[in-house]
Amino acid sequence: MKIKITVIGALLLLASPSQHTFADWQLNMPRGVTDISRSVFDLHMIIFWICVAIGVLVFGVMFWSIFHHRKSRGAKAKHFHENTFVEVIWTLIPFAILIAMAVPATATLIKMYDTSDADVDIQITGYQWKWRYQYLGENIDFFSNLSTPREQIDNSEAKGENYLLEVDNPLVIPAGKKVRFLITSADVIHSWWVPAFAVKKDAIPGFINESWTRVDEPGIYRGQCTELCGKDHGFMPVVVDVRSAEDYNTWLAQVRAEQAAEAAAAQQELGMEALMQRGEVVYNQACAACHQANGEGLPNVFPGLKNSPIVMGDIAAHIDIVLNGKPGTAMQAFGDQLSAVDLAAVITYERNAWSNNRGDKVEPTEIEKLKAANGQ
Amino acid sequence: MATLSSTDSIAPHHGPARGLSRWLFTTNHKDIGTLYLWFSFLMLLTGGCMALMIRAELFQPGLQLIEPNFFNQMTTMHGLIMVFGAVMPAFVGLANWMLPIMIGAPDMALPRMNNWSFWILPFAFSMLLSTLFMEGGGPNFGWTFYAPLSTTYAPPSVTFFIFAIHMMGISSIMGAINIIATILNLRAPGMTMMKLPLFVWTWLITAFLLIAVMPVLAGVVTMMLMDIHFGTSFFNAAGGGDPVLFQHIFWFFGHPEVYIMILPAFGIISEILPTFARKPLFGYASMVYATASIALLSFIVWVHHMFTVGLPLAGELFFMYATMLIAVPTGVKVFNWVATMFHGSMTFETPMLFAIAFVVLFTIGGFSGLMLAIAPADFQYHDTYFVVAHFHYVLVPGAVFAIIAGVYYWLPKWTGHYYDEKLGKLHFWCSFIGVNLTFFPMHFIGLAGMPRRIPDYALQFADFNMIASIGAFIFGFSQLIFLTVVIKTIRGGLQAPPAVWDEPKGLEWTIPSPAPYHTFSTPPEIK
Ligand SMILES: [Cu+2]
């Protein structure tokens with residue numbers, strides 16, 4: 001009875017118009033937007049149809065026998081139990097099909113492995129739980145974080161169109177150019193995947209993996225981290241913004257201008273209020289995943305910062321752990337991840353938020369000095 | 001002859017001891033088989049509850065019921081418990097019950113070790129489950145526990161996880177030694193190797209696989225232990241170690257492990273289909289050779305789990321070809337089963353229904369496996385729900401259905417009663433619908449791009465996830481029907497004759513039902 005009710009409930013649910021406006025019933029792999037992704041799609045479809053054909057044949061014979069050779073229809077069992085000829089045939093035919101399949105698969109794989117002659121080189125580093133993109137030779141280096149608001153994840157706000165597949169700073173690449181990715185990790189293993197490019201490569205600490213793509217259509221392409229990498233593995237999307245050569249150059253110029261502005265800001269005194277304001281933003285983006293927005297952490301996994309000995313203690317030790325991290329733990333070295341302004345802001349914020357009220361602050365200039373001394 | 005009669009009266013071998021000590025100290029293969037089977041069912045329910053928690057959280061997008069860190073503990077524990085606690089012990093239980101009877105032996109070759117193999121398990125799994133209540137929570141790094149997530153970044157309870165794995169490994173290795181010793185030494189006169197029932201053959205080959213790879217698993221967890229506590233850097237890149245090495249070792253164990261979970265299932269199906277088709281198994285010899293080739297190939301395909309780690313092209317190609325090759329012997333098996341049914345005189349009792357469902361659904365899992373073997377396409381499938389769909393198809397309607405089929409098939413022999421056929425069929429249809437509703441949509445969401453092991457997902461995956469969750473609850477709760485059937489059968493039912501089915505072949509059908517506590521104290525004669 002219970003089961004019946006569940007089944008009816010399920011059918012009703014299926015019949016009712018879907019409550020998620022953006023949900024769809026995509027059944028198949030996307031064809032993608034690169035030569036490689038189209039070759040992969042073709043391979044996928046060939047092997048799929050081979051399986052369907054074999055399935056129809058085998059299950060056809062089976063269901064035919066089930067229907068005709070049943071005792072209730074008076075079928076008498078025959079007693080044959082081997083036949084060398086058919087046994088050899090049904091060993092050899094699959095073998096031949098497999099060889100036929102291996103040829104195009106090998107050709108595609110060889111193409112995928114050819115990372116030579118790239119126009120743009122980008123190093124991709126996985127961190128718990130964000131991606132870092134460094135444009136080699138361009139002096140561009142930034143992090144890409146999930147930008148879906150916490151409220152949407154907690155169901156207190158309606159979910160947006162690109163729920164969990166949106167970031168603050170997407171990777172920007174030029175259309176029509178061969179882009180080579182050098183993929184590695186700073187902590188655990190991640191995996192960088194963009195389905196539309198058919199690029200999936202593990203990001204492994206201590207290794208640099210290579211992969212490449214050439215996208216002709218400008219557009220926004222979305223993917224995710226696909227290797228379990230800890231608590232927020234489901235919350236580190238990949239977004240690639242492919243732009244025309246012209247737009248790409250404009251973007252480069254814009255990023256450079258922002259970098260200059262940032263450097264200038266690091267030379268100024270900001271004062272408590274400005275630091276606290278910015279600090280809250282930085283904290284929620286870079287630290288809250290582990291230490292939680294309320295500063296209480298996750299017991300025995302990530303320490304709380306509210307009333308914590310380091311935050312309540314000497315500021316030098318506090319700055320040190322944020323800049324240099326703690327090797328062998330999930331606490332990363334933020335010295336080369338955040339700008340001096342952001343570092344000063346977040347440290348000041350931690351010292352004064354959540355009734356910590358230490359009342360002291362650190363200015364970007366001091367951080368700059370420390371960073372210079374560290375060689376960061 | 002006074003001495004003789006007095007030894008006779010105290011001789012312990014006439015029946016089981018009473019009370020708890022019967023089960024604690026038993027060296028009887030039937031008792032130990034029963035213990036294994038009940039233990040496995042308990043673990044199936046435990047791991048099943050975890051799966052339901054996962055499916056409940058994934059019913060809708062957003063975080064509703066559990067935190068991501070706990071979600072990861074659930075996926076990890078679900079996998080470990082189902083693999084090591086439910087599927088493997090169930091096959092060992094069936095082996096304990098049936099192997100000695102099928103080969104005409106009085107018991108297993110090493111009965112005391114047999115007792116120990118079983119009794120390690122409750123301790124191992126209590127320890128594993130207790131980690132959920134420890135500071136920092138239980139293992140949260142997936143059942144594949146890739147380093148460094150499972151070493152440098154693991155919760156402190158990982159040490160207990162490592163010891164639990166060690167204990168399970170010892171249990172499996174002892175069980176495997178016992179099975180090999182039994183099959184090679186205790187066959188009744190005239191029971192030559194090529195007369196062995198296929199369930200015996202597949203288990204013999206499985207046991208060799210176990211002995212080959214369980215020590216590798218023990219090795220890899222020991223290396224983790226060293227990294228965590230003794231300052232070595234096997235898997236720590238910062239210390240000159242190699243995280244990819246972990247995956248090579250793990251999958252060198254892990255790939256044969258998946259065949260450990262399916263070869264005995266092949267054996268069971270090869271027993272059941274001939275009985276209900278009333279026709280001998282087609283291609284007995286080729287079945288044996290196919291099983292052996294699958295076992296050998298299983299040692300040279302492990303890298304197909306690691307196509308995206310960035311191996312050299314030549315390695316990638318080698319492992320792609322080797323993996324594709326496995327389709328050949330596996331295909332032979334499926335063709336043989338179909339040929340066995342062809343021109344039979346079939347009836348469709350519950351074991352037969354589960355066996356036929358096995359052939360169809362396992363083959364679907366085999367097809368997706370063949371697709372996954374194509375390395376360039378695997379870059380798209382890898383670590384998505386497509387893989388989740390694939391391995392659940394081969395493990396749930398594959399291994400688990402075979403186990404259930406075997407239980408229905410031999411239950412009248414064990415208890416002396418026929419089970420309730422109506423309830424059995426109800427159980428079958430609920431399971432069949434539930435399992436497909438759960439796992440078929442996962443192919444679609446995987447191809448559409450949903451990664452595995454995530455507690456929340458983008459909106460385009462919502463509909464199929466909802467269907468999968470509904471299916472999971474149907475499948476989960478239908479196992480209570482199974483429990484009901486088994487308990488009812490133990491307590492009573494239509495009396496079963498020695499040959500429970502319509503002229504089944506095999507020694508187990510020559511002894512009374514229920515099977516007496518001791519069988520074949522004098523070996524039977526095999527013609
Ligand atoms: Cu990741």
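No hydrogens, no waters, no symmetry mates; every other heavy atom, side chains included, goes into these values. Each chain gets a letter, A, B and so on, in the order the sequences are listed, and its residues count up from 1.
Between chain A and the options B/G344, B/A377, B/G366, B/G136, heavy-atom pairs under 4.5 Å are most frequent for B/G344. Comparing A/F59, A/F235, A/F302 by how many heavy-atom pairs each has under 4.5 Å with chain B, the most go to A/F59. Counting heavy-atom pairs closer than 4.5 Å to chain B, the top-ranked of the candidates A/T108, A/I183, A/I204 is A/I204. Chain B forms more heavy-atom pairs under 4.5 Å with one residue of A/C229, A/S211, A/P30, A/C225 than with any other, namely A/C229. For the options B/V334, B/V359, B/L317, B/T144, heavy-atom pairs under 4.5 Å to chain A are most numerous at B/L317. Among the candidates A/G234, A/S65, A/G32, the residue making the largest number of heavy-atom pairs closer than 4.5 Å to chain B is A/S65. For the set A/Q152, A/M112, A/R222, the entry with the most heavy-atom pairs within less than 4.5 Å of chain B is A/M112. Ranked by heavy-atom pairs shorter than 4.5 Å toward chain B, the options A/A203, A/P205, A/G206 are led by A/P205.
Contact of the A/V58 side chain with the B/T363 side chain is not registered, since no non-hydrogen atoms from C-beta on lie closer than 4.5 Å. Put simply, the side chain of B/Y146 does not reach to within 4.5 Å of the side chain of A/V188, judged on heavy atoms. For the pair A/I189 and B/P148, the minimum side-chain heavy-atom distance is below 4.5 Å. Between B/M371 and A/H44 the shortest side-chain heavy-atom distance falls below 4.5 Å. A 4.5 Å side-chain heavy-atom check between A/L27 and B/F464 finds at least one atom pair inside the cut-off. With a 4.5 Å cut-off on side-chain heavy atoms, B/D242 and A/F207 count as touching. Looking at heavy atoms from C-beta onward, A/E227 lies out of side-chain contact with B/L149 at the 4.5 angstrom threshold. Put simply, the side chain of B/K279 reaches to within 4.5 Å of the side chain of A/F80, judged on heavy atoms.
Looking at B/P312, the atoms closer than 4.5 Å to chain A (heavy atoms on both sides) all sit in the backbone: N, CA, C or O. Proximity to chain A (any heavy atom under 4.5 Å) is shown, for B/A339, by both the backbone and the side chain. Heavy atoms closer than 4.5 Å to chain A are found nowhere in B/Q73, neither backbone nor side chain. Residue contact with chain A, scored on non-hydrogen atoms closer than 4.5 Å, involves the backbone and the side chain of B/Q64 alike. Proximity to chain A involves both the backbone and the side chain of B/P280, based on heavy atoms less than 4.5 angstrom apart. For B/M306, no part sits under 4.5 Å from any heavy atom of chain A, backbone or side chain. Looking at B/N72, only its side chain comes within 4.5 Å of chain A, counting heavy atoms on both sides. Of the two parts of B/A285, neither the backbone nor the side chain holds a non-hydrogen atom closer than 4.5 Å to a non-hydrogen atom of chain A. Of the atoms belonging to B/F335, heavy atoms from both backbone and side chain fall under 4.5 Å from chain A. In this structure, no portion of B/I433 lies under 4.5 Å from any heavy atom of chain A. Proximity to chain A is absent for every atom of B/S368, based on heavy atoms less than 4.5 angstrom apart. Proximity to chain A involves both the backbone and the side chain of B/F342, based on heavy atoms less than 4.5 angstrom apart. Proximity to chain A (any heavy atom under 4.5 Å) is shown, for B/F379, by both the backbone and the side chain.
To the nearest 0.5 Å, atoms CG (B/L370) and CE (A/M101) are separated by 8.0 Å. The CD1 atom of B/I454 sits 5.0 Å away from atom CD of A/Q224, with the distance rounded to the nearest 0.5 Å. The CZ atom of A/F41 sits 9.5 Å away from the CG atom of B/L447 when rounded to the nearest 0.5 Å. Expressed to the nearest 0.5 Å, how far CG of B/D378 lies from CG of A/L43 amounts to 12.0 Å. Rounding to the nearest 0.5 angstrom, the gap separating the OG1 atom in B/T75 from the NE2 atom in A/H233 is 9.5 Å. A/L228 CG to B/N140 CG: the interatomic distance, rounded to the nearest 0.5 Å, is 7.5 Å.
In this structure, B/Q380 contributes its side chain and A/P195 its backbone to a donor-acceptor pair below 3.5 Å. At least one donor-acceptor pair closer than 3.5 Å links the side chain of A/N155 to the backbone N or O of B/L63. For A/K159 (side chain) and B/L459 (main-chain N/O), no donor-acceptor pair under 3.5 Å exists by modelled atom type.
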For side-chain contact (heavy atoms from CB on, under 4.5 Å), just list the numbers for A/W193 and B/T384, CA-CA rounded to whole Å, side-chain angles, deciding distance to a tenth of an Å, and then say yes or no.
CA-CA 11 Å; A/W193 184 32; B/T384 68; 3.5 Å; yes
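Residue pairs satisfying the salt bridge (Lys or Arg N to Asp or Glu O under 4.0 Å) criterion with at least one member in residues 62-80 of chain A, sequence neighbours excluded, are listed as follows: A/K71-B/D502.
Shortest non-hydrogen contact noted between A/K200 and B/Y381 is NZ-C, 3.9 Å.
Cation-pi geometry between A/K231 and B/F71 is not met at under 6.0 angstrom from the ring centre and within 45 degrees of the axis.
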Let me have the donor-acceptor pairs involving side chains of residues 84-97 of chain A, under 3.5 Å, with sequence neighbours excluded, atom names and distances please.
| unit_1 | atom_1 | unit_2 | atom_2 | d |
| --- | --- | --- | --- | --- |
| A/E87 | OE1 | B/S286 | OG | 3.0 |
| A/E87 | OE2 | A/N83 | N | 3.1 |
| A/T91 | OG1 | A/E87 | O | 2.6 |

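Heavy atoms of other residues, nucleotides or ligands lying less than 6.0 angstrom from CH2 of A/W64 number more than 12.
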